[in-house]
Amino acid sequence: MTEQTGNLTFGIIKPDAVRGGKTGGVISRIIDGGFKIRGMKLIHMTLAEAQGFYAVHRERPFFGELTTFMSSGPCVVLALEKEGGAVKAWRDLMGATDPSKADAGTIRKEFANSIGENAVHGSDSEENAALEIAYFFSRLELVNGE
Ligand code: ATP
Ligand code: MG
């Protein structure tokens, strides 16, 4: 699997979107966007697990709000594959962090409510994608997609 890391990214359907009944809509967008789902599960993070996942943001003023929100309900974690660079392709499909600035046709434009509750997460680099996949998935939970 490691040799294909460049084709993998990590995504989350965040609690606002799951609560709002948008899970199926987001997954449709992922499949229609040409991604292969290599791992997928519904989880409900504890506050400590959310703080661990977002540790890179711990000095940001919104850290408390963000980790409380991310542990406020179930979310769907995803390992996504796309040839040619999954990280950028998934961020392009998500749209801008602030949904009011997201392009038409993006997931955040369609499904997100605010800069904090913005429906989806996506890794920002191949290195972080590998770390984030490993944070949530064991090797047995990832399929080869063959
Ligand atoms: P993500 O990492 O979730 O894919 P992103 O890379 O577009 O989103 P980051 O700058 O990494 O954005 O911020 C991480 C998350 O923190 C955002 O997705 C959002 O949920 C939250 N966030 C970012 N900026 C703010 C803000 N100004 N106020 C409240 N929450 C924010
Ligand atoms: Mg980010």
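Just so you know, these numbers use all the heavy atoms, side chains as well, and skip hydrogens, waters and symmetry mates. Numbers for residues simply follow the sequence, beginning at 1. When a ligand or atom number is given, it counts from 1 through the structure's own listing order.
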Report yes if some heavy atom in the side chain of L8 is under 4.5 Å from a heavy atom in the side chain of L80; otherwise report no.
no
For atom 24 (N) of ligand 1, which candidate among F62, Y54, F53 provides the closest heavy atom?
F62
For F136, is the NZ or CZ atom of K41 found under 6.0 angstrom from the centre of its six-membered ring and inside 45 degrees of the ring axis?
no
Please determine if K22 forms a cation-pi arrangement with F111, meaning its NZ or CZ atom is less than 6.0 Å from the six-membered ring centre and no more than 45° off the ring axis.
no
Side-chain (W90) to main-chain (D124) donor-acceptor, under 3.5 angstrom
no
Residue R108 vicinity, atoms of ligand 1 by number, heavy atom under 4.0 Å:
1 (P), 3 (O), 4 (O), 7 (O), 8 (O), 18 (O)
Quick one: does E65 get an N or O within less than 3.5 Å of an N or O on ligand 1?
no
Of the protein's non-hydrogen atoms, which lies at the shortest distance from atom 7 (O) of ligand 1, and what is that distance?
T97 OG1, 2.4 Å
Option whose closest heavy atom lies nearest to atom 28 (N) of ligand 1, chosen from T67, I115, D98, N118:
I115
Flag G116 as yes when one of its N or O atoms lies below 3.5 Å from any N or O atom of ligand 1, and as no otherwise.
yes
Heavy-atom contacts with R60 under 4.0 Å: which atoms of ligand 1 show up? List them by number with element.
10 (O)
Between the side chain of R108 and the main-chain N/O of G95, is any donor-acceptor distance below 3.5 Å?
yes
Relative to the heavy atoms of R91, which atoms of ligand 1 are at a distance of less than 4.0 Å?
5 (P), 6 (O), 7 (O)
Is the shortest N/O to N/O distance between H57 and ligand 1 below 3.5 Å?
yes
Are the side chains of L78 and I12 in touch, meaning some heavy atoms are under 4.5 Å apart?
no
For H121, the atoms of ligand 1 under 4.0 Å from one of its heavy atoms are 1 (P), 2 (O), 3 (O), 4 (O)
When you measure from the side chain of D16 to the backbone N and O of A119, does any donor-acceptor pair fall under 3.5 Å?
yes
